[in-house]
Amino acid sequence: MEDSNAKTLPPETGNGSLVFAVNGEKFEVATIDPSTTLLEFLRSHTRFKSVKLGCGEGGCGACVVMLSKYNPVLDQVEDFSVSSCLTLLCSVNDCSITTSEGLGNSKDGFHPIHQRFAGFHASQCGFCTPGMCMSLFSALTKAEKANRSEAPAGFSNLTVSEAEKAIAGNLCRCTGYRPIADACKSFAADVDLEDLGLNSFWRKEDPKEVKLRKLPLYTPNVKVSKYPEILRGRSQSTKIFHFENCSWYTPTTLEELRSLLNSNIIEDDTRIKLVVGNTGMGYYKELESYDRYIDLRYVPELSMIRRNRQGIEIGAAVTISRVIASLKEDDTVNFSSEGNKVFKKIAHHLEKVASGFIRNSASIGGNLVMAQSKYFPSDIVTILLAVGSTVSITTGDKNENLTLEEFLARPPIESRNVLLTVQIPFLEQKRNGNNIRSDSNLVFDTYRAAPRPLGNALPYLNAAFLADLSPDVNGVLINNIQLAFGAYGTKYAIRAKKVEDYLFGKTLSAIVLYEAVKLVKVAVIPEFGTSHAAYRTSLAASFLFQFLSPFINVGSAISGRLSDGFTGSLLEDSSETSNGSSLGQLANSTLLSSAKQEVKSSREYYPVGEPMSKSGAAIQASGEAVYVDDIPSPPNCLHGAFIYSTKPLARVKGVDLQSNKQLTGVSAVVSYKDIPEGGENVGCRTMFGFEPLFADDLTRCAGEPIAFVVAETQKSANLAANLALVNYDTENLDPPILTVEEAVERSSFFEVPPSLNPTQVGDFSKGMDEADHRILSAEIKLPSQHYFYMETQTTLAVPDEDNCMVVYSSIQCAELVHSAIAKCLGIPEHNIRVITRRIGGGFGGKAMRAMLVATACALAAHKLRRPVRIYLNRKTDMVMTGGRHPMKITYSVGFKSNGKVTALHLDILINAGVSADISPAIPSCIIGALKKYNWGALSFDIKVCKTNHSSKSAMRAPGDVQGSFIAEAIIENIASALSMEVDSVRNINLHRFESLKVFFGKSAGEALEYTLTDMWDKLGASSCLVQRKEMVEQFNRISIWRKRGISRVPIVYEVVVRPTPGKVSILWDGSIVVEVGGVELGQGLWTKVKQITAYALSLIGCNGTEDLVEKVRVVQSDTLSLVQGGMTAGSTTSESSCEAVRLCCNILVERLAPLKSKLQEQIGPVNWDFLILQAHDQSVNLAANTYYVPDSNFSRYLNYGVAVSEVEINILTGETKILQSDIIYDSGQSLNPAVDLGQIEGAFVQGIGFFMLEEYLINAEGLTVTDSTWTYKIPTIDTIPMQLNVEVLNSGNHQKRVLSSKASGEPPLLLAVSVHCATNAAIKEARKQLNTWSGINGPDSTFQLSVPAIMPVVKNLCGLDNVERYLESLLHAELIDDGIDS
């Protein structure tokens, strides 16, 4: 029976098409699924492909665009950045979108942002670059509208600090951020051009006015159409869009909203989605579809901000960015100065929530509703709870006012009920009757401990405290206090009422604070299963201590602010001080200090050796560079997604898609059963054999592909894969092998070929006999690391005539996947063609692991006879692709009393996963890097364990980074055992050339090539190591809650040059086309190849060859055009590709020389273009190809580097700040110093990720659980060294190298261990202090800082109870003093 009280909908005004603009072009869309995101539309229905899908979670910034919309109330256009992967297309009605293509392009001219990103060498793989550009452009646009004094010509109103923070939410895996920051800062009005790093615009010695003139001119608001006239004047009336199965509503009044929610179109089973920014989709991956979408943004009551003497009332649809701006405003009419300071503190904290482009669209109400209904770990809820906020909700026709606590305690709010407003009260001092105590003061502060200081990371714990304090005869009296804690592994933020009750009315003292801290640890207890539970509880104690300790009067026992008592403004943020004992951040308005880059270019082989900008950098910035997923879909193209195993070892009984009614557009499910006759279940080919494409009847690891769903769209394929039900059976199966210990018990190993077994050195037993001291059976464990390239695995497979297949793959080894596809399909290899133009980051993960993706796509295309493409979502990519090799190391070492090692033995168990991949090669890599020190005698037993984990593969510096760390851990342990300075132990164990030859043989080269010891001394001097050590010691004596450490480490890295093909062709107009076996994946391979081509061809001696580099184009890798391409890996593909090209050019020069001599005799000097034209006319063969095979005697060589890093740890939270890193790296005679510098910095920062930040976690079944930007944290601009100084050493001639050059792609990653070692040193100081508080004398017990040294790890070693220990020491001192006094 129909409800007689059901209301009808408001009139359908404006019903019809969505209308919006993209880069000034008008779009009208009549039919669309309302769940379609802006990114999906832009990539599928427009030519604008600069918006990239990096994560689909709003966590990486690759998809950032600028959204402009007209505000009729203010009669102005509002511009702000948004994440297009979360923004729903229907929500951009009447808006204008600007992408990086809209700023400029190669045809109409690049925008200065594009030019400066290219010129400052700020783009490597380039996949993240358009998003970076749009984040910066949005910040520039915002700054131009700010009420500021006019900036100097060529600059913007942006400040340096704002420029850095503009990209705080954008991820980059390649560059290390420093050059990106420089490109951004170059626009800032307050920038000092002298502080900017290496670029292609000016020379270091140029005067400032010359530098300014050479910088691409920036003129605000020129050329870019942000909000075209075609959108102006459109009505803001209620809009209703009806689509095939659902509708989108945009009510413009609260009454319309209520009528809609209570109308007869909203039935009991109607699925409703209330929309503001849709940013919650980034965290909660909703799989269900909705019947009704209701856009809340145009209801005035939900979008207003109202101020009065009671406080601030904020509409639930107001964005977090608007809330921040409002809270920052000074309101002297309604609020006192203390009240304004409270609001500004809240705003300051909110700036650390998410990232700018998320805050611009995420609403405050949405955040609260997620916390209430889905238990989202919200910062906002915790803060508002502490200040006593209230909310208003509408239920039917009624409004209800609730305290925030009441709201949180209710059952999850239903979609028919709407949160209307949030009220933040004006805070005032506690009243005594009707009077406020004249000496009463409000103290308010907020806290969060998170992996990233600037946000874009969920906190381990957040807190907000509000206290009313007044002076008392005996100290500071607590009149009232409110303590809120959240995000620590509980459903909601809580008020610590028992602690509040205890503190109420008490005078602060050490004993009172001590008891309060103990109570807090009882109140703040995470739920079972929460990661780092004890750490989170410890943080609660730390934050309470940090809040109240400044008001304890303990005489001279506490230095700095802690003894200041009740002086100064209590609302002053401790983070604004730089006192050594401060509990806050270092005083720094900017994230990064000016850094030095020293490079030496050589004109001996010009243009080789020039620091040229990376080839294609500008089109990468503008978004014109084409990656695999940018290739337009052919007609009838299907899309694929993997169904992978969630069990480590089980029989697969079946896969069920049929039972789910939500699935539409599914064309097929491909499995091993669909492999054609004559084909094989092969997905990957390595030097050690083949790997299956799909699990057959038995799945052998979590993450193994079981099947491949093919559907009409990528969204449909992903949904089908997510909802697929896999039926497993484990009956009568042996238990899976999930640890290396289990592998040893069951003798489950991969064989290491004799040719790959590393060589042992000396007599271990004899060396141990010579030792004065021994450490026996010490253990080290090292985890895995995700690749986290910005572009996930992607392939497009297109069936061609005559049973052929063209495969476009983002892969580092096209030749190998070519072979694997042919074997899988059972067809000749000449029927397969694999094309790779560029890769959006690889790091080894686009080698073997990319083959499975390409082969599955090709198999589906072959079966269905239709093009099939796939772009893995971030979660599937992280689950399937394995990563770096985890391992367990046990070592015994003997050494002299002076620290000289005499013998070392290692037992290493490598977790290779379920297939061999390249794992049998890892032992030699580990030992190669470990041999950087002279161990006297070196022996080892290394086992490559076969386990039921996903296959581990090569990741940048595979094995080498672990080997280098093992070496440093051993050295650190020796130094600790001897109570020696660790730098001295390192120094005494550095190789001299004689021992280097013993350990490395022919790879050591000639004595003059061994530069490590000179670099060791040089960096010690240039980094002022001795003086800084003294400063660190002084700091640690003064500072209680922050400790510093500094460390210097060396690296020795052996590389192998592999055979590589090359082909050079000269066209009629003198332009040159080059093909090489190596693939461009951001390492600058194409750039170096262009330079060496220009150099080698210029040897013909013609006029017009000075700018020959501009005539060179390097084209995509094509396995049928250039065979034997091999693998782009191991850091040496650039140089071997260059040598292959140089050999081609030599052939061409030899062919052209007779003609040139003849023409010279006839007409005199010959121009290049004329020579080539004549060569074509006279049928000279102007195409040459070679296959460069290095001399086996010189195919291996050593790379050297040294780094000094200084860190500061906060022992209350475990946060580590990298103050400075200095690097010197020997790149031989660099082919391109700018490219090599970028590789050095990028590798170093990726190494920081491994050693300090990137926590790789799996569940009990071996399935990766750190599978998103929410759970896996690569470095960001706020976690890199504040100052990074790099010298690219030009070490002179290395005759056996390619033009005397050396590799730079992987070795510098190992130098990041210096940060870990410096952190270890800082922790030692903290532990010394902890022992002093505890009354423990003598040396500290040996400890090992694990990898990664994340905040919980550091805090744990500094003492989870260090606050209590400190207070106990004070109380003990007071007892002693009282005893003396009595």
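All heavy atoms count here, side chains included; hydrogens, waters and symmetry mates do not.
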Using distance alone, with no hydrogens and no angle criterion, decide if [X] and [Y] have a side-chain donor and acceptor under 3.5 Å apart.
| X | Y | value |
| --- | --- | --- |
| Q1246 | Q785 | no |
| T1087 | N1232 | no |
| S964 | K932 | yes |
| H885 | S919 | yes |
| D917 | T686 | no |
| N934 | N989 | no |
| T1105 | S1098 | no |
| D907 | Y891 | no |
| S200 | S613 | yes |
| H905 | S939 | yes |
| Q1229 | S1301 | no |

Measuring from atom [atom1] of [X] to atom [atom2] of [Y], what distance do you get when rounded to the nearest 0.5 angstrom?
| X | Y | atom1 | atom2 | answer |
| --- | --- | --- | --- | --- |
| L1289 | D1236 | CG | CG | 12.0 Å |
| E1287 | I1224 | CD | CD1 | 4.0 Å |
| C1144 | N1185 | SG | CG | 6.0 Å |
| Y789 | R173 | OH | CZ | 10.5 Å |

CA sep, side-chain torsions, deciding dist, call: K943, D941, side-chain contact (heavy atoms from CB on, under 4.5 Å): CA-CA 7 Å; K943 291 181 171 62; D941 179 19; 2.8 Å; yes
Side-chain contact test, heavy atoms from C-beta onward, threshold under 4.5 Å: evaluate it for [X] versus [Y] and give yes or no.
| X | Y | value |
| --- | --- | --- |
| F1244 | V1286 | no |
| I922 | P958 | yes |
| D960 | I926 | no |
| N1285 | I1223 | no |
| L1097 | L1148 | yes |
| R838 | W1086 | yes |

Presence of salt bridge, D983 and K1029, under 4.0 angstrom: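 Judged by the 4.0 Å cut-off on N to carboxylate O distance, K1029 and D983 do form a salt bridge.
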Check this for me, if you would: do E598 and K204 make a salt bridge, where the nitrogen-to-carboxylate-oxygen distance has to be below 4.0 angstrom?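 Salt bridge: no.
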Does the ring centre of [Y] sit less than 6.0 Å away from the ring centre of [X]?
| X | Y | answer |
| --- | --- | --- |
| Y605 | Y1095 | yes |
| H1316 | F965 | yes |
| Y1010 | Y1200 | yes |
| H991 | Y933 | no |

Evaluate the criterion salt bridge (charged side-chain N to carboxylate O under 4.0 Å, His left out) for residue pair R956 and E1306; output intermediate values, then yes/no. CA-CA 6 Å; R956 199 175 195 173; E1306 293 174 292; over 6 Å; no
Steps toward side-chain contact (heavy atoms from CB on, under 4.5 Å) verdict (R986, W1016): CA-CA 10 Å; R986 289 192 175 100; W1016 178 263; 3.9 Å; yes
How far apart are the C-alpha atoms of Q1239 and Q1083, what are their side-chain angles, what is the distance that settles it, and do they pass the side-chain contact (heavy atoms from CB on, under 4.5 Å) test? CA-CA 7 Å; Q1239 290 293 287; Q1083 81 282 46; 3.7 Å; yes
Does K600 have more than 12 heavy atoms from other residues, nucleotides or ligands lying within 6.0 Å of its NZ?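 No, not enclosed.
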Greater than 12 external heavy atoms within 6.0 Å of E1150's CD: no
D1222, I1051, D1017, L1019 screened by side-chain contact (heavy atoms from CB on, under 4.5 Å) with V1202, the one that passes: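 When D1222, I1051, D1017, L1019 are each tested with V1202, the side-chain contact (heavy atoms from CB on, under 4.5 Å) holds only for L1019.
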Tightest non-hydrogen contact, residues R884 and V961, listed as NH1-CG1, 3.1 Å
Minimum heavy-atom separation for S1003 and L1198, please, with both atom names.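 Looking at all heavy atoms of both residues, the closest pair is O-CG, 3.4 Å.
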May I have the step-by-step check of salt bridge (charged side-chain N to carboxylate O under 4.0 Å, His left out) for E610 and R203, ending in yes or no? CA-CA 12 Å; E610 283 294 296; R203 296 284 181 182; 3.5 Å; yes
For V1076 and V1074, what are the C-alpha separation, side-chain angles and deciding distance, and is it a side-chain contact (heavy atoms from CB on, under 4.5 Å)? CA-CA 7 Å; V1076 289; V1074 180; 4.1 Å; yes
Step-by-step side-chain hydrogen bond (donor to acceptor under 3.5 Å, both in side chains) determination, E770 to T902: CA-CA 7 Å; E770 294 172 356; T902 58; 5.4 Å; no
